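This is a predicted model, so every value here is computed, not measured.
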Amino acid sequence: METLNYRFEQGTRRLKASPQVVGVVGSGNLEVLIEAADLAGACAIEITTAAVGFGPIWEAVMRDFHQRWLLADTRISINDMGATPAVVSLRMDQAVQTMLGEPR
């Protein structure tokens with residue numbers, strides 16, 4: 001198992017809903033917990049993954065996610081069992097949309 005941490009500053013969108021979980025940890029999938037948190041305007045992401053050695057790919061996916069949503073004061077925890085980058089992006093977008101009350 002590997003744990004990766006990312007922190008993105010200067011977000012502009014704050015989420016106010018209660019914490020949400022999307023996805024299911026299982027073979028080739030992941031779960032995402034997203035919650036509002038006092039992080040001085042930052043978005044903090046912690047990833048626990050069974051796929052060791054893919055840090056650069058995770059970083060690229062997380063940067064793309066941050067550029068898309070610009071979240072502030074948000075904590076995201078991801079438990080991964082080998083999901084592809086496309087599935088990771090899908091689940092993270094679903095988590096934000098759930099917090100915003102948007103249809104998925």
Side-chain angles (χ1 to χ4, degrees):
M1 296 297 283
E2 182 173 21
T3 300
L4 305 167
N5 288 284
Y6 301 97
R7 184 177 174 100
F8 298 98
E9 307 290 340
Q10 302 173 344
T12 56
R13 179 179 277 172
R14 286 175 172 77
L15 305 173
K16 299 183 191 275
S18 9
Q20 299 290 321
V21 176
V22 296
V24 177
V25 175
S27 179
N29 210 332
L30 77 159
E31 68 181 1
V32 176
L33 167 64
I34 185 168
E35 57 191 330
D38 185 8
L39 297 171
C43 176
I45 304 171
E46 180 177 272
I47 302 159
T48 303
T49 179
V52 176
F54 291 90
I57 293 171
W58 278 105
E59 183 174 358
V61 172
M62 295 305 106
R63 286 191 183 285
D64 179 65
F65 170 79
H66 177 68
Q67 290 173 353
R68 199 165 48 251
W69 291 102
L70 292 173
L71 297 178
D73 290 327
T74 304
R75 179 178 295 118
I76 301 172
S77 302
I78 299 172
N79 293 316
D80 171 59
M81 293 299 289
T84 65
V87 171
V88 173
S89 290
L90 171 71
R91 291 286 179 251
M92 293 184 74
D93 287 347
Q94 286 177 330
V96 174
Q97 290 167 343
T98 299
M99 290 284 282
L100 295 173
E102 296 177 1
R104 296 189 258 170

Within one Ile-Leu-Val-Met-Phe-Trp-Tyr cluster: L90 and L30, side-chain cutoff 4.5 Å: no

Partners meeting salt bridge (Lys or Arg N to Asp or Glu O under 4.0 Å) with E2 (sequence neighbours left out): none

Check against side chain to side chain contact (heavy atoms under 4.5 Å, CB included), M62 and I47: CA-CA 10 Å; M62 295 305 106; I47 302 159; 4.0 Å; yes

Spacing of I76 atom CD1 and Q20 atom CD [to the nearest 0.5 Å]: 12.5 Å

T3 side, atom OG1; N79 side, atom CG - distance, nearest 0.5 Å: 9.0 Å

Heavy-atom side-chain contact between W58 and T49 under 4.5 Å: yes

Rounded distance [0.5 Å steps], SG in C43 versus CD in Q10: 13.0 Å

Flag, side chain of D80 to backbone of T48, donor-acceptor distance under 3.5 Å: no

Residue pairs involving residues 50-72 (criterion salt bridge (Lys or Arg N to Asp or Glu O under 4.0 Å); sequence neighbours excluded): E59-R63, D64-R68, R68-D93

Cluster check I57, V32: I/L/V/M/F/W/Y, side chain < 4.5 angstrom: yes

Backbone N/O of A72 and side chain of T74: donor-acceptor pair under 3.5 Å: yes

Note, L71 side chain near I34 side chain (heavy atom, < 4.5 Å): yes

Test item: V24 and E31 side chains (from C-beta on) under 4.5 Å apart, heavy atoms: no

Distance-minimising heavy-atom pair for A37 and R75: CB-NH1, 3.6 Å

For E46, salt bridge (Lys or Arg N to Asp or Glu O under 4.0 Å) partners two or more places apart: none

S18 OG to E35 CD distance, which is reported to the nearest 0.5 Å: 11.0 Å

Donor-acceptor contact below 3.5 Å, side chain R7 vs main chain L39: yes

Mutual orientation of the aromatic rings belonging to F65 and W69 [parallel < 30°, tilted 30-60°, perpendicular > 60°]: tilted

Heavy-atom side-chain proximity of M92 to I45 below 4.5 angstrom: yes

